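Read the structure below first, then the notes.
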Amino acid sequence: MIDHPSPNHDARTEGTPVDMLVLHYTGMETGAAALARLCDPAAKVSAHYLIEEDGRIFRLVPEERRAWHAGVAFWRGHRDVNARSIGIELVNPGHEFGYRDFPPAQLEGLIGLTRGILGRHPIPPHNIVGHSDVAPMRKTDPGERFPWQILARAGIGFWPKQDAAPRPVLASLRPGEAGPTVSSAQILLGRLGYEIKPTGLLDDSTMLVLAAFQRRFRPAKVDGRLDGETMARLQAAVTAAEGEPA
C-alpha cells in the first residue's frame, strides 16, 4: 500500500453508513496522469484508492472521509452516493484511449483490497457496483471488459445463475416501442437499484439504463435493446440480488 494523499475530500454525512463500493476505471492515457488528476485540488475529484495495472495500490483518501468519485448518482433510493461509499479507481485507458482487459495483477490487488474493505464496512453484495450503474446517463466505466464473475467467485458481489433463468420468447424491441414487457423490465431494473420509472416506453433513458445493465451482466452485446436474453438475465440478476441474506 502506497500512501499518496489527495486533498479532495470532506466529511461524511453524520449517521450515514458506508454500505457501498463503487468501481471505476481511470479513463486516462497513463496511471501517472490519473494519479496526478485525483490529487489536483483544481480537479475536485478523488477516490479512496487507485490500483495500477501492475497491482500497486495507492491510498488517496482515508475511508472515514468522503471522496469525490461518483458525482451525480443514484442507487437504491440514495443520491449522495459519495457519502455512503468507498471509491476505487482501476488504471485503464478506457473507451476513449484504448480500452483493454484488466490484468491479473490488478485484479488480485483489487480482490485483496476489497476483502479488507468488506471486513471494515457492512457492504452487501448488491451494493458493489460500477460507476455506470450509479450514473448510467453519463458513465460507462468500468465497462464491459471488467470481469465481475471473477470477483463473484472470490466472494465479492454476486453473479446470477444464468441456467436457472427463464428464457422468454421476445424479439428485440425497437426504440420507442411501448407495452407491459417494457414496464416489467423497468420495474426489475428499479428493484436492482437503478433510477428508472416504469413508464412502459422504451425511451432513450431506459435504453441507457439497459446498456449499463448489459455492460455488467451481458457484456458480449451492449446495445441498450430489450430482447429475450437481456430480460432473462435481468430476471436472474434480481432473483440473485434479492436472494441474498439480510
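Quick caveat: nothing in here was measured; it's all calculated off a predicted structure.
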Minimum heavy-atom distance [X]-[Y], with the two atoms named:
X    : Y    : answer
L38  : A47  : CD2-N, 4.1 Å
I123 : L21  : CG2-N, 4.0 Å
A241 : F158 : CB-CZ, 3.8 Å
I51  : L110 : CD1-CA, 3.5 Å
C39  : L60  : SG-CD2, 4.3 Å
V18  : P122 : O-CD, 3.7 Å

Checklist line | Ion pair R37/E89, N-O distance below 4.0 Å | finding: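 Not counted as a salt bridge, because no side-chain N and carboxylate O are separated by less than 4.0 Å.
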Does [X] belong to the same Ile/Leu/Val/Met/Phe/Trp/Tyr cluster as [Y], with side-chain heavy atoms less than 4.5 Å apart forming each link?
X    : Y    : value
I196 : L202 : yes
Y194 : L23  : yes
I86  : L50  : no
V134 : V238 : yes
W75  : M137 : yes

For the atom pair [atom1] ([X]) and [atom2] ([Y]), what is the distance rounded to the nearest 0.5 Å?
X    : Y    : atom1 : atom2 : result
H121 : S85  : NE2   : OG    : 10.5 Å
I57  : H4   : CD1   : NE2   : 15.0 Å
L208 : D203 : CG    : CG    : 9.0 Å
D223 : K221 : CG    : NZ    : 5.0 Å
Q235 : S184 : CD    : OG    : 8.0 Å
R59  : M1   : CZ    : CE    : 5.0 Å

So [Y] and [X], do their side chains get closer than 4.5 Å, heavy atoms only?
X    : Y    : result
V222 : T140 : no
L90  : L107 : no
H69  : N82  : yes
N92  : D141 : no
V209 : Q186 : no
N8   : V61  : no
I111 : E108 : no
S205 : K197 : no

Check: Does K139 offer a backbone N or O that forms a donor-acceptor pair with the side chain of S132 under 3.5 Å?
Finding: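 No; zero donor-acceptor contacts below 3.5 Å.
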Notebook entry, point to check: Is the backbone of A73 close enough, under 3.5 Å, to the side chain of E195 for a donor and an acceptor to pair up by distance?
Noted result: no
Qualifying salt bridge (charged side-chain N to carboxylate O under 4.0 Å, His left out) pairs with a residue from [range], counting only residues at least two apart or across chains:
range            : result
residues 110-121 : E63-R120
residues 20-33   : none
residues 10-26   : D10-R66, D19-R84

Next item on the list: Give a yes-or-no answer on whether the side chains of H95 and E144 include a donor-acceptor pair shorter than 3.5 Å.
Entry: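 Distance-only check passes for H95 and E144.
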Next item on the list: Write out all pairs satisfying ring-ring contact (aromatic ring centres under 6.0 Å, His included) with one or both partners inside residues 28-65, taking only residues at least two apart or from two chains.
Entry: none
Next item on the list: Check the pair E242, T239 against side chain to side chain contact (heavy atoms under 4.5 Å, CB included), reporting the backbone distance first and the verdict last.
Entry: CA-CA 5 Å; E242 295 184 349; T239 297; over 6 Å; no
Atom pairs and distances, side-chain donor-acceptor, residues 145-155, under 3.5 Å, sequence neighbours left out:
residue: R145; atom: NH1; partner: D101; partner atom: OD1; Å: 2.8

Next item on the list: Could you check L192 against D133 for side chain to side chain contact (heavy atoms under 4.5 Å, CB included), going step by step and ending with a plain yes or no?
Entry: CA-CA 10 Å; L192 268 182; D133 292 315; over 6 Å; no
Next item on the list: Please report the C-alpha distance between R76 and M20 in whole Å, then the side-chain angles of each, then the deciding distance to 0.1 Å, and finally whether the side chain to side chain contact (heavy atoms under 4.5 Å, CB included) criterion is met.
Entry: CA-CA 11 Å; R76 289 183 169 253; M20 290 186 65; over 6 Å; no
Next item on the list: If you link ILVMFWY side chains whenever their heavy atoms are less than 4.5 Å apart, which other residues fall into the same cluster as V72? By chain and number, please.
Entry: none
Check: Where do V91 and D54 land on the side chain to side chain contact (heavy atoms under 4.5 Å, CB included) test, with the steps shown first?
Finding: CA-CA 9 Å; V91 172; D54 61 7; over 6 Å; no
